[in-house]
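As C-alpha cells, the structure follows; a few thoughts come after it.
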Amino acid sequence: MRLYADILANAARNGWDYAPEAIVSGSKRHFDEMKLQLIAAGYEIVSVGARPHCPRFDTLASE
C-alpha cells in the first residue's frame, strides 16, 4: 500500500487528479497484481491472523 501511495503522490505532483472510486479500484488492482508477483516468486499468501498447522511446533509449545 505504501508503494501505491507513492505512485498516487507522484501522479498528484504531475497534475493528475483521481476520483476516490478510481483510487479504491486502483488500490485493489495494484494489490492483486502484487500478490500475483509474490506468488510467482514462490511466496505463499496467507490470511491475516492465519496460523499454519505445524505438529512439531505444537509439540514444542506444549512442553
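FYI, the numbering just counts along the sequence from 1. Keep in mind it's a predicted model, so treat the numbers as computed, not measured.
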Check: Are the charged groups of Asp32 and Lys28 less than 4.0 angstrom apart, N to O?
Finding: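 Between Lys28 and Asp32 there is a salt bridge, with a charged N closer than 4.0 Å to a carboxylate O.
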
Note to self: Is there a path of hydrophobic side-chain contacts, each under 4.5 Å between heavy atoms of I/L/V/M/F/W/Y residues, joining Met34 to Ile39?
What the structure shows: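 The answer is yes; both residues are in one hydrophobic cluster.
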
Item checked: Leu3 reachable from Trp16 in the ILVMFWY side-chain graph, under 4.5 Å edges ->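 No, Trp16 and Leu3 fall in different hydrophobic clusters.
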
Next item on the list: Please round to the nearest 0.5 Å and tell me the distance separating atom OG of Ser27 and atom OH of Tyr18.
Entry: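 Going from OG on Ser27 over to OH on Tyr18, the span is 13.0 Å.
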
Notebook entry, point to check: Quick one: CD1 on Ile45 to CG on Leu38, what's the gap to the nearest 0.5 Å?
Noted result: 5.0 Å

Margin query: Check this for me: Asp17, atom CG, are more than 12 non-hydrogen atoms of other residues, nucleotides or ligands nearer than 6.0 Å?
Written below: no

Check: Does the pair Tyr4 and Ile23 meet the rule for a side-chain contact (heavy atoms from CB on, under 4.5 Å), with working shown?
Finding: CA-CA 9 Å; Tyr4 186 65; Ile23 293 172; 4.2 Å; yes

Margin query: Please determine whether side-chain contact (heavy atoms from CB on, under 4.5 Å) holds for the pair Arg13 and Asn10, giving the CA-CA distance in whole Å, both sets of side-chain angles, and the decisive distance to 0.1 Å.
Written below: CA-CA 5 Å; Arg13 280 192 285 276; Asn10 284 333; 2.3 Å; yes

